[in-house]
**Q** 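Attaching a single structure in C-alpha cells format; questions to follow.
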2 protein chains.
Amino acid sequence: MSRNQKLSKELVRGTTSLIVLSVLRREDLYGYQIIRTLETLSEDVFSLNEGTLYPILHSLEKEGYLTCRWEETDSARKRKYYHITEKGIRELERQKAQWEVYQGAVSKILGGAGHAFA
Amino acid sequence: MSRNQKLSKELVRGTTSLIVLSVLRREDLYGYQIIRTLETLSEDVFSLNEGTLYPILHSLEKEGYLTCRWEETDSARKRKYYHITEKGIRELERQKAQWEVYQGAVSKILGGAGHAFA
DNA sequence: ATATTATACATAGATAAACGATGTATCGTT
DNA sequence: AACGATACATCGTTTATCTATGTATAATAT
C-alpha cells in the first residue's frame, strides 16, 4: 500500500506555527500581542503560553520565516515586532494546504455513515 | 481574560483516539484492520503505526471505552476484535464536540481577512 | 505606601503522544 | 527458500508543548 500523501507530523501535533504565521500575515505583531490576538480571534479556544510562543518565534525567525525589530513605546517598555517574510508566506501556504488535507480527512471519518446528527 | 473554553491538549495533539473510537462506532474491528480501514477512509492521509495503535487500544480498553474478544479465523491465526462501549460512545461524542470547536477556531483564524483565495 | 496584576521579554526542566525499531508467529506468493 | 503481508506486542527515543521560573516596568487596588 503506497504512502503517497505522507502527512507531516509537525502539523498533526503542531498547528501552532501555522496559526502564528497566519496572524502575522495580517499585520506585524509583538509576542505578547500575538497571544492576546489569538485569544480574541479564536474566542478563547487558543491560549498559547508564553513559554510555548517565544521559542516558536525564535525558531521561525531562525528559519527565515520571520524578521523582527524592536520598537520603543511611550514608556520605557520595549516591544519586539515580528514580520512575516516571503519565505514565511510560502511556508504558511504549505502548512495551510496540509491542514486542509488533514482536516478533511478527519471530517471524512467523523462524518462517516453509521449515526445521525442528533 | 477568562479561560472559559479551555481546550484539552489531548485533542490538539491527539486526534488519534477520536479517530479510532469513530471507526469502531461503525463496526467491530481488529487492530490491524483499523489501520487499513483508516488508510482507506482517509485516502492515505492517516497511516497509524502499529506501535502507535496497539498501546492506544490497550489504554482505551483499560478506561472502559472498549471491550475486546478473540476470534478464530479459518487458519491458525487469531484476531482481537474491539467493540465500543456505551461509555466509549459518550467519550467519542465529547471528543468530537471538542474537535468541532478546535477545527472551527483554526478555520476562523486561517480564513480571516487579509488575503484572497487565490 | 505597598501589594498585586498586567504587560513584555526569556529560558530550562518536565510531560506525554506518537514514532521507530524490534520481536514473535502464521500465511501466501514468487 | 525467500520475501512480503498479516497480526499481535513492547520498549526506548523523539519533540512539541507545558509548567515553572526569572527579570523588569506600568497600572491598579488595598
Side-chain angles (χ1 to χ4, degrees), chain A residues 1-3 6-21 28-40 45-63 66 68-82 95 98 102, chain B residues 1-3 6-21 28-40 45-63 66 68-82 95 98 102:
Chain A
M1 207 159 279
S2 67
R3 190 108 318 115
K6 185 71 167 164
L7 188 76
S8 71
K9 40 219 133 156
E10 312 102 60
L11 181 110
V12 183
R13 184 158 180 195
T15 39
T16 323
S17 65
L18 166 63
I19 284 160
V20 170
L21 289 172
D28 292 1
L29 298 170
Y30 57 93
Y32 196 81
Q33 195 180 17
I34 290 173
I35 293 170
R36 301 299 152 227
T37 300
L38 285 176
E39 279 175 349
T40 306
V45 172
F46 295 120
S47 185
L48 291 192
N49 290 334
E50 295 176 63
T52 302
L53 180 64
Y54 290 119
I56 285 173
L57 288 173
H58 299 158
S59 101
L60 289 175
E61 190 197 349
K62 196 175 167 189
E63 290 169 73
L66 302 178
C68 72
R69 64 176 189 280
W70 284 97
E71 274 198 21
E72 314 277 339
T73 60
D74 48 348
S75 65
R77 208 177 270 158
K78 285 183 174 191
R79 288 165 176 172
K80 201 172 178 179
Y81 279 84
Y82 286 91
Q95 288 193 21
Q98 290 217 331
Y102 174 63
Chain B
M1 205 159 278
S2 67
R3 191 109 317 117
K6 186 70 169 164
L7 188 77
S8 72
K9 38 216 131 150
E10 313 102 62
L11 179 110
V12 182
R13 183 157 181 198
T15 39
T16 324
S17 64
L18 165 63
I19 285 160
V20 169
L21 288 172
D28 294 358
L29 298 168
Y30 56 94
Y32 196 83
Q33 195 181 16
I34 291 173
I35 293 169
R36 301 299 151 227
T37 301
L38 285 177
E39 280 175 347
T40 306
V45 172
F46 296 120
S47 185
L48 292 193
N49 289 334
E50 294 176 66
T52 302
L53 180 64
Y54 290 119
I56 285 173
L57 289 173
H58 298 158
S59 101
L60 290 175
E61 189 197 349
K62 197 177 168 189
E63 289 169 74
L66 302 178
C68 72
R69 65 173 188 282
W70 284 97
E71 275 198 20
E72 314 277 340
T73 61
D74 49 349
S75 65
R77 207 178 272 159
K78 285 182 176 192
R79 291 164 175 171
K80 201 172 177 179
Y81 279 83
Y82 285 91
Q95 288 192 22
Q98 291 216 331
Y102 174 64

**Q** With a 4.5 Å heavy-atom cut-off, do B:Tyr32 and B:Arg79 have their side chains touching?
**A**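 The answer is no; the side chains never approach within 4.5 Å.
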**Q** Please determine, for the side chain of A:Tyr30, which listed nucleotide (C:dA8, D:dC18, D:dC8) has the closest atom?
**A** C:dA8
**Q** When the distance from CZ of A:Arg79 to P of D:dA26 is rounded to whole Å, what number comes out?
**A** 12 Å
**Q** Is any side-chain heavy atom of A:Glu71 closer than 4.5 Å to a side-chain heavy atom of A:Lys78?
**A** no
**Q** Does D:dA16 have OP1 or OP2 under 4.0 Å away from a side-chain N or O of A:Thr52?
**A** no
**Q** Within this structure, what is the CG-to-P distance between A:Asn49 and C:dA12, rounded to whole angstrom?
**A** 17 Å
**Q** Of A:Gly31 and B:Ser17, whose closest DNA chain C nucleotide lies nearer the 5' terminus?
**A** A:Gly31
**Q** Answer whether the closest heavy-atom distance between the side chains of A:Val20 and A:Leu48 falls below 4.5 Å.
**A**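 Answer yes - side chains close enough.
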**Q** Can you measure B:Ile35 atom CD1 to C:dA18 atom P for me and round it to whole angstrom units?
**A**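 About 14 Å, once rounded to whole Å.
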**Q** Any side-chain heavy atom of B:Asp28 within less than 4.5 Å of one from B:Arg69?
**A** yes
**Q** Strictly by modelled atom types, are A:Thr15 and B:Tyr102 linked by a side-chain donor-acceptor pair under 3.5 Å?
**A**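 Checked: A:Thr15/B:Tyr102 side chains pair up, N/O donor to acceptor below 3.5 Å.
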**Q** Would you say A:Lys78 reaches D:dT25's phosphate, i.e. side-chain N/O to OP1/OP2 under 4.0 Å?
**A**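 Checking A:Lys78 against D:dT25: no side-chain N or O falls below 4.0 Å of OP1 or OP2.
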**Q** Mind calculating the distance between CZ (B:Phe46) and P (C:dA17) to the nearest angstrom?
**A**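 So the two atoms are 18 Å apart, to the nearest Å.
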**Q** Tell me which nucleotide among C:dT7, D:dA5, C:dA18 gets nearest to the side chain of B:Ile56.
**A** C:dA18
**Q** Output the rounded distance in Å from OH (B:Tyr54) to C1' (D:dT6).
**A** 9 Å
**Q** To the nearest 0.5 Å, what is the distance between CG (B:Leu53) and CG (B:Leu38)?
**A**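 Those atoms lie 8.0 Å apart.
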**Q** Kindly point out which of C:dA10, C:dT7, D:dT6 is positioned nearest to the side chain of A:Arg36?
**A**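 Output: C:dT7.
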**Q** In whole angstroms, how far is the P atom of D:dC11 from the NE2 atom of B:His58?
**A**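 Going from NE2 in B:His58 over to P in D:dC11 covers 12 Å.
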**Q** Are A:Tyr30 and A:Trp70 close enough that some pair of their side-chain heavy atoms sits under 4.5 Å apart?
**A** no
**Q** Just how far, in rounded Å, is P of D:dT17 from CG of A:Leu53?
**A**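 One finds 11 Å between P of D:dT17 and CG of A:Leu53, rounded.
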**Q** Polar atoms only, N or O, under 3.5 Å: list the protein pairs with nucleotides 23-27 of chain C and their distances.
**A**
{"unit_1": "C:dT26", "atom_1": "O2", "unit_2": "B:Arg77", "atom_2": "NH2", "d": "2.2"}
{"unit_1": "C:dC27", "atom_1": "OP1", "unit_2": "B:Ala76", "atom_2": "N", "d": "2.7"}
{"unit_1": "C:dC27", "atom_1": "O4'", "unit_2": "B:Arg77", "atom_2": "NH2", "d": "2.9"}

**Q** Between D:dT17 atom P and A:Leu18 atom CG, what is the distance in whole Å?
**A** 11 Å
